[in-house]
Amino acid sequence: MDVSHILDELNEPQREAVTASDGNCLVLAGAGSGKTRVLIHRMAWLIEVEQVPVWNILAVTFTNKAAREMRSRIDELMTSPSGAMWVGTFHGLAHRLLRSHWKEAGLSQGFQIMDSDDQFRLIKRILKSLELDDSRWPPRQVQWFINARKDEGLRPQHIDDCDDFFQKQMIRIYQEYEDACNRGGVVDFAELLLRSHELWLNNPQLLEHYRKRFSHILVDEFQDTNSIQYAWIRLLVGNRNQLFVVGDDDQSIYGWRGARVENILNFQSDYPGSSLIKLEQNYRSSGNILKAANAIIEHNPTRLGKNLWTEDDAGEPIHLYSAFNEVDEARFVIGRIQDHLEQGMQRSGIAILYRTSAQSRLFEEALIQSSIPYRVYGGMRFFERAEVKDALAYVRLIKNQHDDVAFERAVNQPPRGIGPRTLDAIRLHAREFACSMWQASVELKQGGAMQARAANAIQHFIDLIEENRHTDEDIPFHESISRIIEIAGLREHFKKSRDGKGQDRIENLDEVVNAARQFINPEDELLSVLDAFLAHASLEAGENQGQEHEECVQLMTLHSAKGLEFPIVFIGGLEEGLFPHRMSADDPERLEEERRLCYVGMTRAMQQLTLSHAESRRLHGSESYPLPSRYLREIPHEYLLEIRSTPRISRPYTAASQTNTAGEFQLGQQVTHPKFGEGVILSSEGEGSTARVQVNFAETGVKWLVVNYANLS
DNA sequence: TCAGCGCATGTTTTT
DNA sequence: CATGCGCTGA
């Protein structure tokens with residue numbers, strides 16, 4: 001058989017990975033080393049050479065975009081259709097499983113998916129009903145707690161309360177939250193995974209069925225798997241199936257949301273006898289960029305170890321600009337962009353990357369001033385918009401009146417005189433009788449326990465929902481959505497709003513109908529088109545990073561740059577406290593992750609990488625004088641070209657001569673504190689009476705101290 | 001119901 | 001600084 005289309009144009013290690021024989025395989029694929037290509041060609045190899053039927057293959061990714069790309073590239077490479085192959089995100093696949101086996105999973109047939117905003121609101125409501133003070137129990141923190149536990153595979157009853165009041169209370173809230181979800185027939189993102197894992201655990205015959213079916217499992221971006229995803233895969237693989245994973249421990253940047261690098265670090269011990277293949281040849285970046293990135297990442301002690309190399313020339317040195325302040329930094333970057341554009345570079349080939357989204361504003365302002373079109377990635381997506389969610393809340397409530405999340409959202413939007421008093425009464429009743437708010441409303445009204453005005457308003461709302469319940473049989477569903485929006489009075493409501501956003505909102509409502517009209521149900525046999533649409537709205541949230549090919553300069557955080565590449569890359573704000581971020585400063589593991597983030601950012605660049613830092617930065621209103629990032633110091637000088645524009649007093653960025661704004665302390669200096677003992681200055685910020693220094697104490701670890709009070713010597 | 005005010009808050013983000 | 005939240009009074 002002719003396998004040239006699969007194997008040609010692959011280098012040796014890539015070919016080795018693609019043709020790997022039976023058994024589990026870990027492919028450590030450095031940035032720009034052809035990771036996706038290996039994955040795609042591996043699938044083609046399995047199907048065309050090893051004659052594995054397509055329906056025996058399961059390929060998992062993290063983002064919908066990656067899943068779509070994988071599907072389209074496999075279709076390009078192979079002649080036979082890939083339709084029967086399962087390709088999707090962890091959440092998408094888990095969702096599919098739960099739809100097929102909702103009964104065994106203990107769900108209701110029409111269960112709906114909550115996004116994080118829905119979840120947040122629900123948690124807030126629960127805290128209120130438990131009469132817990134949100135300043136002591138911040139909903140964000142509760143949400144984080146619940147999601148983190150679910151990501152670890154833990155239900156309330158599995159969590160050790162440590163005989164600790166705080167922990168006990170959290171567990172109680174978690175339990176209460178679970179009950180609410182179950183009553184309302186809603187699941188959150190983490191629940192999809194946890195529930196489908198339990199589905200397999202509790203139904204051995206079902207697990208067996210899927211184990212038989214998926215003899216070959218492939219996972220992309222394996223370093224990003226969290227505990228439950230890892231367990232899910234482990235369970236499905238069993239001891240017969242073959243697992244092929246691709247990842248890069250050096251690009252693990254999602255530890256803060258539960259991803260465990262250990263999953264990739266321990267792969268070989270967890271899957272004994274598995275093979276390890278390293279892809280180290282980089283096809284993206286020029287020599288200098290690569291060597292500098294390598295030099296930085298080598299400072300991380302816990303790595304599997306890889307050294308990227310390229311056949312390319314050294315190319316341009318990395319440019320480093322020390323800006324006077326953050327405005328100067330933006331001005332400089334945009335000036336350089338103009339140079340590149342004049343030389344014929346495409347706008348879309350240029351990216352500005354930064355650590356925090358707040359940094360985008362300065363660059364945007366400078367871009368606007370120079371009339372350069374740009375596009376900021378991230379931010380709110382279509383199906384996350386308030387008005388869109390309002391509209392869908394009506395749709396969901398009409399489908400299932402017991403969906404409290406939808407009820408809360410729709411009941412007084414637009415305002416129809418159902419105020420907090422009435423709602424409190426409804427919530428109280430619902431809680432007391434463990435029923436939905438819908439049912440509570442009906443009962444309260446019938447019981448005559450409501451003020452006439454409130455009763456009227458509620459009746460109005462009930463009628464509105466009831467009247468639409470049985471009308472969606474023969475008209476296309478987008479028309480029923482359009483009708484619901486109309487009858488609910490959303491359009492009318494936004495028309496009246498005078499905050500200037502009304503028109504946008506109305507357009508978005510129209511767009512919902514439009515999206516519904518164009519929607520093609522991908523899970524035909526499993527779901528009604530309406531349910532599929534609602535699931536799609538939560539799971540994909542719409543055009544996230546669409547239209548990359550727009551002719552625009554690309555602005556994004558370092559996180560969202562992962563997986564992308566650009567000829568010209570700028571990374572701004574390389575300053576201690578910003579990058580690495582101060583929130584990570586006291587934890588060595590998180591500092592390693594920040595370093596990986598830097599590595600990810602640098603390896604996005606193909607031809608030219610420019611780094612910058614500002615010597616003074618206005619942040620949250622006050623001025624700070626951050627030291628240049630430690631990562632700058634980790635780049636050997638031979639790869640760098642320092643750029644100075646305006647003559648001014650500038651501080652060198654090397655450790656030896658860094659001065660602190662408080663004047664007395666230098667980076668790296670040994671100091672003694674009366675209470676904490678001996679330590680070394682790590683960084684500093686602020687000036688005068690608010691100047692602070694960060695000190696790494698031998699005994700107590702890293703601390704920030706205000707120079708004026710600290711009494712350091 | 002809504003405007004207005006004071007207060008706290010301030011990473012990274014996918015699903 | 002700038003935004004977003006919750007509370008208050010009309």
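Order of the sequence lines fixes the chain letters, A, B, ..., with proteins taken first and strands second; residue numbering starts at 1 for each chain. Predicted model, so just to flag it, every value in this text is computed and none were measured.
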Under the side chain to side chain contact (heavy atoms under 4.5 Å, CB included) test, residues paired with A:Ala259 that sit two or more places apart: A:Tyr254
So which of residues 255-263 of chain A are in contact with DNA chain B, with a heavy-atom cut-off of under 4.0 Å? A:Trp256, A:Arg257
Please report whether the ring centroid of A:Phe90 lies less than 6.0 Å from that of A:His95. no
Return the stacking result for B:dT12 and A:His559: yes when the ring centres lie under 5.5 Å apart and the planes under 30°, no otherwise. no
Could you list the residues that satisfy side chain to side chain donor-acceptor pair (under 3.5 Å) with A:Thr61, not counting sequence neighbours? none
Atom-to-atom span, CD of A:Glu592 to C1' of B:dT12 - whole angstrom: 17 Å
Please report, rounded to the nearest Å, how far the C1' atom of B:dT12 is from the CD atom of A:Gln359. 11 Å
A:Lys562 near the nucleic acid: base, sugar-phosphate alone, or nothing, with a heavy-atom cut-off under 4.0 Å? nothing
Please report the distance separating the C1' of B:dT11 from the corresponding atom of C:dG6, rounded so that it comes out in whole Å. 25 Å
For A:Arg96, all residues meeting side chain to side chain contact (heavy atoms under 4.5 Å, CB included), sequence neighbours excluded: A:Trp86, A:Glu523, A:Glu525, A:Leu526
Between the base of B:dT13 and the side chain of A:Ser116, is there a donor and acceptor pair under 3.5 angstrom? no
Selected nucleotide, minimal atom distance to A:Arg381 side chain, candidates B:dT11, B:dG10, B:dT14: B:dT14
Going by the angle between their ring planes, with limits at 30° and 60°, are A:Trp200 and A:Tyr210 parallel, tilted or perpendicular? tilted
B:dT13 C1' sits how many Å from A:His91 NE2, rounded? 12 Å
In whole Å, what is the span from the CG atom of A:Asn226 to the P atom of B:dT13? 18 Å
Checking all strands, does A:Asn412 fall into the base, sugar-phosphate, or nothing category for heavy-atom contacts under 4.0 angstrom? sugar-phosphate
Between P on B:dT15 and CD on A:Glu221, what's the gap in Å once rounded to a whole number? 12 Å
Residues which pass side chain to side chain donor-acceptor pair (under 3.5 Å) with A:Thr422, listed by chain and number, not counting sequence neighbours: none
Going 5' to 3' along DNA chain C, which nucleotides are the first and last within contact of chain A (any atom under 4.0 Å from a heavy atom)? C:dC1 to C:dG6
Given the C1' atoms of C:dC5 and B:dT12, what is the spacing between them in whole Å? 23 Å
Could I get the full list of side chain to side chain contact (heavy atoms under 4.5 Å, CB included) partners for A:Asp504, not counting sequence neighbours? A:Glu507
Rounding to a whole Å, what distance do you find between A:Ile571:CD1 and B:dT12:C1'? 15 Å
Mind checking what makes side chain to side chain contact (heavy atoms under 4.5 Å, CB included) contact with A:Ala31, not counting sequence neighbours? A:Gln251, A:Arg284, A:Leu308, A:Thr603, A:Arg604
Which is true for A:Arg590 with a 4.0 Å heavy-atom rule: it touches a base, it touches only sugar-phosphate, or it touches nothing? base
Can you see if the side chain of A:Asn64 gets near the phosphate of B:dT15 - specifically, an N or O under 4.0 Å from OP1 or OP2? yes
Picking from B:dT12, B:dG10, B:dT15, which would you name as closest to the side chain of A:His620? B:dG10
From CZ of A:Arg617 over to P of B:dT11, roughly how many Å is that when rounded to an integer? 14 Å
Given atom CZ of A:Arg195 and atom C1' of B:dT15, what is their separation to the nearest angstrom? 17 Å
5' precedence on DNA chain B between A:Ser357 and A:Phe90 (nearest-nucleotide basis): A:Ser357
With sequence neighbours left out, what residues match A:Ser357 under side chain to side chain donor-acceptor pair (under 3.5 Å)? none
NZ/NE/NH1/NH2 to OD/OE distance under 4.0 Å, A:Asp424 and A:Arg421: no
